[in-house]
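See structure below.
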Amino acid sequence: QVQLVESGGGSVQTGGTLRLSCEASGYIASGAWFRQAPGKAREGVAGIWNSWGSTRYSDSVKGRFTISQVGTRLYLQMNNLKPEDTATYYCATTRQDVPTDYLLKVDSYESWGRGTQVTVSS
């Protein structure tokens, strides 16, 4: 199983910017960023299918967040952050090709990081 380590979380004000990084110990065919706020289910916010370069975003972050991949690193550029973006963010990867429609589904991934906290204050 691939080991994942996230970094880049922190506290910012509304409208601020953060860039999350995820270092993987092995090959990434597809990857995604999920987030989970207290008392809420884990939700996929951005996913990428490496072979095709296709991406998918949740409606809540579309136009503000950008996922990218360079080798064994995944990134999540987060712009114009809002208080509702406050959550623990998790990196997830798989060695399988995940079609675009399934990129934001928890069950598509077998490797998960421990998470990094993002807090956005108003």
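The structure presented is a predicted model; accordingly, all values stated were derived computationally and were not measured. We number each residue from 1, following the sequence as shown.
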Per the disulfide bond (SG atoms under 2.5 Å apart) rule, what does the pair list look like for residues 73-119, sequence neighbours excluded?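 Output for this query lists Cys22-Cys91.
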Sequence neighbours excluded, every pair satisfying disulfide bond (SG atoms under 2.5 Å apart) that has a member inside residues 56-86 =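 Sorted result for residues 56-86: empty, none.
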First locate atom [atom1] of [X], then atom [atom2] of [Y], and finally report the distance between them rounded to the nearest 0.5 Å.
X      : Y     : atom1 : atom2 : value
Leu103 : Thr55 : CG    : OG1   : 8.0 Å
Gln77  : Arg19 : CD    : CZ    : 6.5 Å
Met78  : Thr17 : CE    : OG1   : 9.0 Å
Asn79  : Arg64 : CG    : CZ    : 9.0 Å

**Request:** Given side chain to side chain contact (heavy atoms under 4.5 Å, CB included), test Leu20 with Val118 step by step and report yes or no.
**Result:** CA-CA 9 Å; Leu20 305 184; Val118 171; 4.1 Å; yes
Tyr90 ring centre to Arg114 NZ or CZ under 6.0 Å, with the angle to the axis within 45°?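 Arg114 over Tyr90 ring: no.
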Could you tell me whether Arg56 sits above the aromatic face of Trp49, with NZ or CZ closer than 6.0 angstrom to the six-membered ring centre and within 45 degrees of the axis?
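Not satisfied by the 6.0 Å and 45° rule.
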Side chain to side chain, Leu4 and Thr93, heavy atoms closer than 4.5 Å: yes
> Is Leu74 close to Ile28 at the side-chain level, that is, under 4.5 Å between some pair of heavy atoms?
Replying inline: yes
Determine yes or no for a side-chain-to-main-chain donor-acceptor pair under 3.5 angstrom, with [X] supplying the side chain and [Y] the backbone.
X      : Y      : value
Gln13  : Gly15  : no
Gln36  : Lys40  : yes
Thr119 : Ser11  : no
Glu6   : Gly115 : yes

Kindly indicate, with the supporting measurements, whether the criterion salt bridge (Lys or Arg N to Asp or Glu O under 4.0 Å) is fulfilled by Lys62 and Asp59. CA-CA 5 Å; Lys62 198 173 296 182; Asp59 289 343; 3.2 Å; yes
Listed partners of Thr94 passing side chain to side chain contact (heavy atoms under 4.5 Å, CB included), at least two apart: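 Checked Thr94 against side chain to side chain contact (heavy atoms under 4.5 Å, CB included); matches are Ser30, Gln96, Val98, Tyr109, Glu110.
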Item to check | side chain to side chain contact (heavy atoms under 4.5 Å, CB included) involving Ser58 - partner list, sequence neighbours excluded | outcome: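 Result, side chain to side chain contact (heavy atoms under 4.5 Å, CB included) vs Ser58: Val45, Ser60, Val61, Leu104.
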Worksheet item: In terms of hydrophobic clusters joined by side-chain contacts under 4.5 Å, are Leu76 and Leu81 together?
Response: yes
- Query: Tyr102 and Trp112: same hydrophobic cluster, using ILVMFWY side-chain contacts below 4.5 Å?
  - Reply: yes
| query | Looking at Pro83 and Ser122, what are the two nearest heavy atoms and their distance? | reply |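 Between these two residues, the closest heavy atoms are CG-CB, 4.0 Å.
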_Selection residues 56-83 - residue pairs positive for ring pair (Phe, Tyr, Trp, His ring centres under 6.0 Å), sequence neighbours left out_ =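 Matches after skipping sequence neighbours: none remain.
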Practice prompt. Test Ile67 against Trp33 for side chain to side chain contact (heavy atoms under 4.5 Å, CB included), laying out the working first.
Written response: CA-CA 8 Å; Ile67 188 171; Trp33 289 92; 3.7 Å; yes
**OP:** Using distance alone, with no hydrogens and no angle criterion, decide if Arg35 and Tyr89 have a side-chain donor and acceptor under 3.5 Å apart.
**Re:**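 Judged by distance alone, the side chains do pair up.
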Requested in this report: Please name all residues satisfying side-chain hydrogen bond (donor to acceptor under 3.5 Å, both in side chains) with Thr100, sequence neighbours left out, ordered by chain then number.
Outcome: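 Here the qualifying residues are Ser54.
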Next on the checklist: Between Thr88 and Thr116, is the side chain to side chain contact (heavy atoms under 4.5 Å, CB included) condition met? List the steps.
Outcome noted: CA-CA 5 Å; Thr88 300; Thr116 184; over 6 Å; no
